[in-house]
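Written below as structure tokens is the structure these notes are about.
Given the structure is predicted, the values throughout are model-derived calculations rather than measurements.
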Amino acid sequence: MFQVFQVFKKKNYRFLYFATLTSQMGSVIGMTAVMFYLLARFSEQPYYATITELMYSLPTLVVFFLVGVVADKMDRQKVASYSDWLSAILSIILIVSIYIGWMPLVFIVLFLRSAITKFFAPAEIAIVQGILNKDEYASAAGLNQMTNSIFNLFGGAIGAFIYWTFGVYGAIVIDAISFTLSGLFIKYCSIPEEIRLPNGK
């Protein structure tokens with residue numbers, strides 16, 4: 001536990017941790033809200049919820065061979081921050097898509113947003129590995145795993161609460177704010193160039 005507090009003394013790691021936390025919030029809350037919205041709005045067409053789940057999962061198969069390469073070949077700090085900001089923009093487009101009610105556009109936006117968020121984690125993890133030593137990284141990895149477990153257990157419940165409290169539009173706005181904050185946390189890290197660009201420009 002003491003080692004975890006030591007890790008948090010490093011400003012870069014604090015920013016990266018909160019970036020990961022807010023990015024995960026953005027990924028989970030809106031997805032859950034959209035799922036509840038479709039089940040309520042199109043109760044006679046439950047396959048919409050299945051398609052939504054596919055739009056969240058399929059990008060993993062589509063971009064899995066790219067995310068690691070991008071994190072190695074491009075500026076990791078920009079990859080992580082831009083993926084968040086693009087996800088925030090797509091969240092706003094998602095609100096417009098739901099308001100219009102054109103479901104193919106809703107599914108396309110969900111697919112694109114999910115695909116872009118997949119680029120965040122490899123870039124962020126590579127940065128964390130670069131700024132921490134071996135012992136510190138072990139503590140950070142344990143902390144991140146604990147955070148992931150909490151989101152796996154309670155993320156759906158949090159998303160459902162926000163949906164029933166603020167509605168689908170409010171939940172997606174919270175998504176957009178979360179992604180924006182995450183990108184800002186990443187941007188204001190002071191990452192040496194050799195960590196951001198391990199293979200040079």
Side-chain angles (χ1 to χ4, degrees), residues 17-67 80-125 144-186:
Y17 176 78
F18 288 121
T20 301
L21 188 66
T22 49
S23 185
Q24 284 183 322
M25 284 179 60
S27 298
V28 171
I29 291 171
M31 178 66 185
T32 305
V34 170
M35 189 77 75
F36 274 97
Y37 169 78
L38 293 178
L39 288 171
R41 174 69 175 78
F42 302 99
S43 57
E44 296 180 357
Q45 296 165 299
Y47 59 87
Y48 278 171
T50 303
I51 297 174
T52 300
E53 185 64 36
L54 283 174
M55 294 303 101
Y56 185 76
S57 303
L58 280 178
T60 302
L61 299 176
V62 176
V63 302
F64 78 94
F65 63 95
L66 291 174
V67 292
S81 59
Y82 288 176
S83 69
D84 278 328
W85 289 333
L86 286 171
S87 297
I89 292 170
L90 285 168
S91 295
I92 301 303
I93 297 174
L94 180 60
I95 291 174
V96 176
S97 304
I98 292 174
Y99 180 78
I100 293 172
W102 189 28
M103 295 311 299
L105 181 59
V106 171
F107 294 137
I108 290 171
V109 174
L110 286 172
F111 180 89
L112 290 174
R113 198 183 77 157
S114 179
I116 289 172
T117 59
K118 299 296 186 288
F119 288 88
F120 174 87
E124 185 268 343
I125 290 170
N144 285 345
Q145 185 60 46
M146 182 185 72
T147 304
N148 290 335
S149 298
I150 290 172
F151 268 97
N152 288 335
L153 287 171
F154 303 109
I158 294 170
F161 173 77
I162 290 176
Y163 168 73
W164 292 115
T165 304
F166 301 104
V168 67
Y169 298 123
I172 299 174
V173 167
I174 292 173
D175 260 16
I177 294 171
S178 298
F179 283 126
T180 302
L181 288 174
S182 180
L184 289 173
F185 282 131
I186 294 288

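- Cation-pi geometry between K118 and F111 is not met: the NZ or CZ atom fails to fall both under 6.0 Å from the ring centre and inside 45° of the normal.
- Between T117 and F179, the closest side-chain pair of non-hydrogen atoms falls below 4.5 Å.
- Although no hydrogens or angles enter the test, the distance criterion places no donor-acceptor pair under 3.5 Å between the side chain of S23 and the main chain of A19.
- One distance of note links CZ of F107 with OG1 of T52; it measures 4.5 Å at 0.5 Å rounding.
- Judged purely by atom type and a 3.5 angstrom limit, S114 has no side-chain atom pairing as donor or acceptor with the backbone of L110.
- I186 and A80 make their closest contact through CG2-CB, 4.0 Å (heavy atoms, listed as atom of the first residue, atom of the second, distance).
- Within the 4.5 Å cutoff, the side chain of T20 has heavy atoms near those of the F120 side chain.
- Between the CG atom in L184 and the CG atom in D84 there is a gap of 9.0 Å [rounded to 0.5 Å].
- Distance check: Y163 OH to I172 CD1 gives 10.5 Å after rounding to the nearest 0.5 Å.
- Atom-to-atom distance recorded for I174:CD1 and T22:OG1 is 13.5 Å, nearest 0.5 angstrom.
- The OH atom of Y56 sits 8.5 Å away from the OG1 atom of T32 when rounded to the nearest 0.5 Å.
- Under the 4.5 Å side-chain criterion, counting only non-hydrogen atoms from C-beta, I93 is not in contact with R113.
- Counting heavy atoms from C-beta outward, F119 and Y82 have side chains that stay 4.5 Å or more apart.
- Taking every heavy atom of both residues into account, A171 and A33 meet most closely at CB-CB, 3.4 Å.
- Checking side-chain atoms of D175 against main-chain N and O of G30 turns up a donor-acceptor pair under 3.5 Å.
- Minimum interatomic distance between S87 and I116 (heavy atoms only, all atoms of both residues): OG-CG2, 3.7 Å.
- You'll find the ring centres of F185 and Y17 outside the 6.0 Å limit.
- Separating the CD atom in Q145 from the CD1 atom in I150 is a distance of 10.5 Å, to the nearest 0.5 Å.
- Other residues, nucleotides and ligands contribute only 12 or fewer heavy atoms inside 6.0 Å of the CZ atom of F154.
- Shown here for Y48 and L38, the closest heavy-atom pair between the two residues is O-CD1, 3.9 Å.
- Counting heavy atoms from C-beta outward, I98 and V34 have side chains that approach closer than 4.5 Å.
- G156 and V28 get closest at one heavy-atom pair: N-CG1, 4.2 Å.
- Of the possible polar contacts, none joining the S182 side chain to the S178 backbone as a donor-acceptor pair under 3.5 Å is found.
- Here the side chains of V109 and L112 are not in contact, with every heavy-atom distance at 4.5 Å or above.
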